[in-house]
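Working notes, beginning with the structure itself.
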Amino acid sequence: MSAPEDDIIAHRRRKLAALRERGEAFPNTFRRRHLAAELTARHGATDKAALEALDERVEVAGRVMLRRVMGKAGFVTLADPSGRIQCYLRGADIGDDAYRDFRTLWDIGDIVGVRGPLMRTNKGELTVHAEQAELLVKALRPLPDKHRGLADQETRYRLRHLDLVANEDVRRVFRVRAQVVQALRAFFDDRGFLEVETPMMHPIPGGAAARPFVTHHNSLDRTLYLRVAPELYLKRLLVGGFERVYEINRCFRNEGLSPRHNPEFTTVEFYQAFADYRDLMDLTEALLRHLLAELSLGDSLTFDGQRIDFGAPVPRRTMKEVVAEAAGVDEAEIAEAPKLAEIAKRLNVRAPAGCGWGRLLTEVFEARVEARLVQPVFITGYPAEVSPLARGSADDPALTDRFELFVAGREVANGFSELNDPEEQALRFRAQAELKNRGDSEAMHFDHDFVAALEHGMPPAAGEGIGVDRLVMLLTDSPTIREVVLFPQLRAPKR
RNA sequence: GGGUCGUUAGCUCAGUCGGUAGAGCAGCGGGCUUUUAACCCGUUGGUCCUGGGUUCGAGCCCCAGACGGCCCA
């Protein structure tokens with residue numbers, strides 16, 4: 001009645017036991033000197049006779065992905081971090097004992113090391129002709145299907161190590177992710193930004209409207225919150241005289257999981273003194289072009305079957321403009337709350353009871369416009385009511401000098417000219433605190449320490465946050481955030 | 001939180017009208033000295049997600065739940 005997997009594992013354990021009996025079963029003495037991709041790059045075109053004449057000895061190591069035994073000779077295909085390389089093993093070359101091991105102890109999934117000269121087979125494949133072959137790691141559990149890989153999404157996320165072994169395109173996504181982060185650093189470093197690390201545990205959760213994770217520090221006997229955004233600390237650094245700073249790291253929000261939301265996610269947030277939101281829109285465009293160039297993507301990409309074009313300057317449109325357009329009315333008709341409420345009702349948009357004009361406008365925007373913003377576009381003119389940390393617009397007190405960048409119907413970046421008037425900031429916090437008292441769980445706390453920091457004088461500045469996960473999704477055509485986060489959060493597994 | 005689809009061998013998947021649960025790969029045994037998802041012969045392996053119900057009989061129908069996907073909030 002033993003389950004088949006247990007049967008497979010039992011067989012492999014017996015093989016491991018045989019290996020243990022003769023000495024070190026997990027040796028760490030083999031030193032790989034060559035990677036598969038190097039060898040194919042160097043000798044992809046060298047013909048059979050030339051390779052034989054060269055007699056170039058190589059040492060490769062990797063996981064056995066394919067195995068073909070034909071009596072007194074056999075082939076294995078090894079996978080190393082660079083790619084795959086085939087090896088040819090023969091009793092006459094590696095010795096009868098080693099050959100018997102190969103036949104009786106090696107399995108697909110094991111990690112092995114092979115030494116010998118390069119050759120080309122009759123069918124033309126570059127191959128290491130083994131003179132020595134050594135089993136380095138016995139894998140006790142079997143690999144997924146050797147050619148169809150691992151397809152079950154749940155298993156892929158829960159056992160990401162297997163997903164990575166089995167699926168080349170998954171490895172590619174995470175290499176691109178690393179490239180993106182590197183390119184971001186290079187971009188900001190080149191422009192004189194200082195990379196900093198600010199606290200992830202906050203005494204008051206601030207910088208964004210979101211529910212935080214709560215934790216407790218024992219020896220301080222203090223409630224702490226995992227940060228929902230680094231904003232208020234980065235601005236303190238502006239006060240301190242670091243006038244260009246950026247931070248690439250995790251934020252945490254205690255909200256639902258979805259194809260676009262993981263409870264922990266990565267942002268790059270940056271602040272620049274003596275700049276305003278228009279400067280940051282320019283900078284953001286330069287950043288996008290930099291990323292596309294670093295990834296050799298040209299000036300457009302495909303996401304979810306749609307062509308996204310970054311060749312032209314990114315248009316800048318106001319929220320009022322696009323909402324009026326979507327509602328099929330004149331901008332003047334959405335300038336007052338009562339009229340806007342009627343339009344929202346007509347469009348089937350529900351807003352929290354008693355909310356003001358600004359919140360209402362934003363709700364209509366999010367419900368009826370956002371998803372349609374496929375090509376890159378900056379939306380400006382965000383209401384002050386939903387932007388408690390942004391500088392008010394000089395020409396309209398109801399609005400702020402804020403923008404968000406939308407691509408493929410998704411918010412990718414959020415930036416604004418910073419509010420550096422401490423008294424105005426205190427008023428905004430007070431309004432948030434009142435909302436919180438009336439039951440808005442996402443409203444911000446009044447952060448007196450932050451206001452006190454502003455009272456020491458923060459230079460005029462602008463700041464922005466970009467969702468790194470969403471950026472990587474866009475650049476790798478990944479439909480969900482789980483495809484770009486190595487170990488996404490899932491419910492506790494079934495037992 | 002609501003709707004909806006899914007869960008069958010280690011992996012990838014079939015499973016008809018409700019009538020003894022299948023294939024390929026992997027594994028095991030045998031053959032094969034340049035193979036290519038190697039091939040040929042033989043073969044092991046099942047809590048059909050869980051628990052109830054209907055039925056002479058349930059992988060299949062009904063109810064509840066778990067986990068996952070998608071949509072909505």
Side-chain angles (χ1 to χ4, degrees), chain A residues 1-15 48-49 51-52 63-79 84-96 99-100 102-110 116-130 138-159 161-163 165-168 255-261 304 348-352 363 366-368 370-371 409 441-442 478-483 488-495:
Chain A
M1 277 297 278
S2 70
E5 187 188 13
D6 294 344
D7 196 47
I8 290 170
I9 293 175
H11 275 115
R12 291 182 174 221
R13 281 194 197 283
R14 279 198 287 277
K15 293 172 182 175
K48 189 172 162 78
L51 271 177
E52 213 164 301
R63 197 181 289 275
V64 176
M65 303 306 288
L66 300 170
R67 181 167 173 268
R68 298 176 285 277
V69 183
M70 306 159 301
K72 295 191 173 62
F75 290 88
V76 289
T77 298
L78 304 189
R84 293 184 174 199
I85 184 88
Q86 178 173 264
C87 302
Y88 177 55
L89 295 88
R90 211 161 54 161
D93 306 314
I94 63 175
D96 291 342
Y99 190 74
R100 193 178 327 108
F102 161 63
R103 287 203 54 162
T104 59
L105 300 181
W106 290 26
D107 286 298
I108 289 175
D110 293 349
L118 283 174
M119 61 173 262
R120 193 171 291 285
T121 64
N122 293 338
K123 298 285 170 64
E125 182 159 346
L126 187 68
T127 300
V128 178
H129 189 158
K138 182 77 213 158
L140 294 176
R141 293 175 184 270
L143 248 35
D145 190 280
K146 70 183 178 188
H147 49 274
R148 304 185 69 166
L150 186 62
D152 182 72
Q153 281 189 60
E154 186 175 353
T155 311
R156 288 186 43 232
Y157 299 149
R158 289 191 195 280
L159 306 181
H161 50 283
L162 271 189
D163 189 26
V165 168
N167 299 322
E168 156 66 26
E255 290 159 3
L257 284 69
S258 87
R260 296 180 199 188
H261 299 91
D304 194 21
N348 245 327
V349 176
R350 271 171 301 172
E363 295 283 340
E366 287 177 358
R368 292 290 169 263
E370 241 186 65
S441 64
E442 290 190 350
S478 297
T480 93
I481 193 170
R482 295 182 195 105
E483 294 294 341
Q489 255 343 298
L490 297 175
R491 217 175 284 266
K494 50 190 162 186
R495 271 274 120 205

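Here is the naming used below: chain letters follow the sequence lines, and residue numbers restart at 1 for every chain. Here the structure is a predicted model, which means the values were calculated and not measured.
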| task | Mind telling me whether W106(A) and F102(A) have parallel, tilted or perpendicular rings, with 30° and 60° as the class edges? | result | perpendicular
| note | From the candidates A38(B), C11(B), G68(B), the one with an atom nearest any side-chain atom of L490(A) is G68(B)
| Do the side-chain N or O atoms of K123(A) get closer than 4.0 angstrom to the phosphate oxygens (OP1, OP2) of U35(B)? | yes
| message | Heavy-atom nearest nucleotide on RNA chain B for T104(A) versus A92(A): which residue maps closer to 5'? | response | T104(A)
| message | Salt bridge check, R67(A) against D107(A): does any charged N sit closer than 4.0 Å to a carboxylate O? | response | no
| task | Searching all strands shown, indicate the nucleotide that pairs with U33(B) (Watson-Crick or G-U wobble; both distances under 3.5 Å). | result | none
| request: Provide, to the nearest angstrom, the distance between the CG atom belonging to D163(A) and the P atom belonging to U12(B). | output: 11 Å
| Phosphate OP1/OP2 of G27(B): any K15(A) side-chain N/O under 4.0 Å | no
| Quiz item: T121(A) side-chain donor-acceptor pair to U36(B) base, under 3.5 Å | yes
| said: To check you understand the geometry: which heavy-atom pair defines the closest contact between K146(A) and L66(A), and what is its length? | reply: CD-CD2, 3.7 Å
| said: So for Q86(A) and U35(B), does any side-chain atom that can act as donor or acceptor lie under 3.5 Å from a complementary atom in the base? | reply: yes
| remark: Side-chain atoms of R68(A) come closest, of C28(B), C67(B), U36(B), to U36(B)
| said: Please classify the nucleic acid contact of E125(A) as base, sugar-phosphate, or nothing, using heavy-atom distances under 4.0 Å. | reply: base
| said: At 4.0 Å (heavy atoms only), tell me whether G149(A) reaches a base, stays on the sugar-phosphate, or touches nothing. | reply: sugar-phosphate
| field | Test: E125(A) and R84(A) ion pair at under 4.0 Å | value | no
| query | Within the structure shown, what part of the strands sits under 4.0 Å from R90(A) by heavy-atom distance: base, sugar-phosphate, or nothing? | reply | base
| said: Between A38(B) and C48(B), how many Å separate the two P atoms, rounded to a whole number? | reply: 33 Å
| Got a salt bridge between D110(A) and R63(A), using NZ or NE/NH1/NH2 to carboxylate O under 4.0 Å? | no
| Got a sec: does the CZ of R13(A) have more than 12 other heavy atoms crowding it under 6.0 Å? | no
| message | Rounding to an integer number of angstrom, what distance separates A9(B) and A14(B) when you compare their P atoms? | response | 12 Å
| task | Classify the nucleic acid contact of L143(A) as base, sugar-phosphate or nothing, counting any heavy atom under 4.0 Å across all strands shown. | result | nothing
| message | Using Watson-Crick or G-U wobble geometry with both distances under 3.5 Å, which nucleotide pairs with U16(B)? | response | none
| message | For the residue pair Q153(A) / R158(A), report whether a side-chain donor-acceptor contact shorter than 3.5 Å exists. | response | no
| said: Measure CG/L162(A) against C1'/A26(B) and give the value in whole Å, please. | reply: 14 Å
| query | Is the phosphate of G69(B), meaning OP1 or OP2, less than 4.0 Å from a side-chain N or O of R482(A)? | reply | yes
| Distance between P atoms of G42(B) and C25(B) (Å, rounded) | 13 Å
| field | Residue whose closest nucleotide on RNA chain B lies nearer the 5' end, G124(A) versus D152(A) | value | D152(A)
| said: Ignoring hydrogens, what is the shortest heavy-atom contact between A139(A) and G109(A)? Give both atom names and the distance. | reply: CB-O, 3.4 Å
| query | U44(B) and U55(B): how far apart are their C1' atoms, nearest whole angstrom? | reply | 35 Å
| message | Taking the C1' atom in each of C70(B) and A64(B), what is the distance between them to the nearest angstrom? | response | 23 Å
| said: I want to verify a distance call: between U35(B), C13(B), C67(B), whose nearest atom is closest to the A151(A) side chain? | reply: C13(B)
| request: Would you indicate which nucleotide in G10(B), G27(B), C71(B) comes nearest to any side-chain atom of P259(A)? | output: C71(B)
| query | Taking the P atom of each, how far is U54(B) from A58(B), in whole Å? | reply | 11 Å
| request: Quote, to the nearest angstrom, the C1' distance that separates C17(B) from G59(B). | output: 15 Å
| query | Does a side-chain N or O from R141(A) land closer than 4.0 Å to OP1 or OP2 of A26(B), or not? | reply | no
| task | For A23(B) versus C63(B), give the span between their P atoms, rounded off to a whole number of Å. | result | 33 Å
| How would you label the contact of T155(A) with the nucleic acid (heavy atoms, under 4.0 Å): base, sugar-phosphate, or nothing? | nothing
| query | Y157(A) and E483(A): side-chain donor and acceptor closer than 3.5 Å? | reply | yes
| query | Which base sits across from U43(B) as a Watson-Crick or G-U pair, both distances under 3.5 Å? | reply | G27(B)
| task | Take atom CG of L126(A) and atom P of U34(B), then tell me their distance rounded to the nearest Å. | result | 18 Å
Return the polar atom pairs (N/O with N/O) between nucleotides 22-25 of chain B and the protein under 3.5 Å, or none.
unit_1: G24(B); atom_1: N2; unit_2: D145(A); atom_2: OD2; d: 2.8
unit_1: C25(B); atom_1: O3'; unit_2: K146(A); atom_2: NZ; d: 3.4

| said: Please pick, from C67(B), U12(B), A26(B), the nucleotide with the shortest atom-to-atom distance to any side-chain atom of L150(A). | reply: U12(B)
| remark: From the candidates G68(B), U35(B), U12(B), the one with an atom nearest any side-chain atom of R491(A) is G68(B)
| task | Find the partner of A66(B): check Watson-Crick (N1-N3 plus N6-O4 or O6-N4) and G-U wobble (N1-O2, O6-N3) distances, both under 3.5 Å, and reply none if neither fits. | result | U7(B)
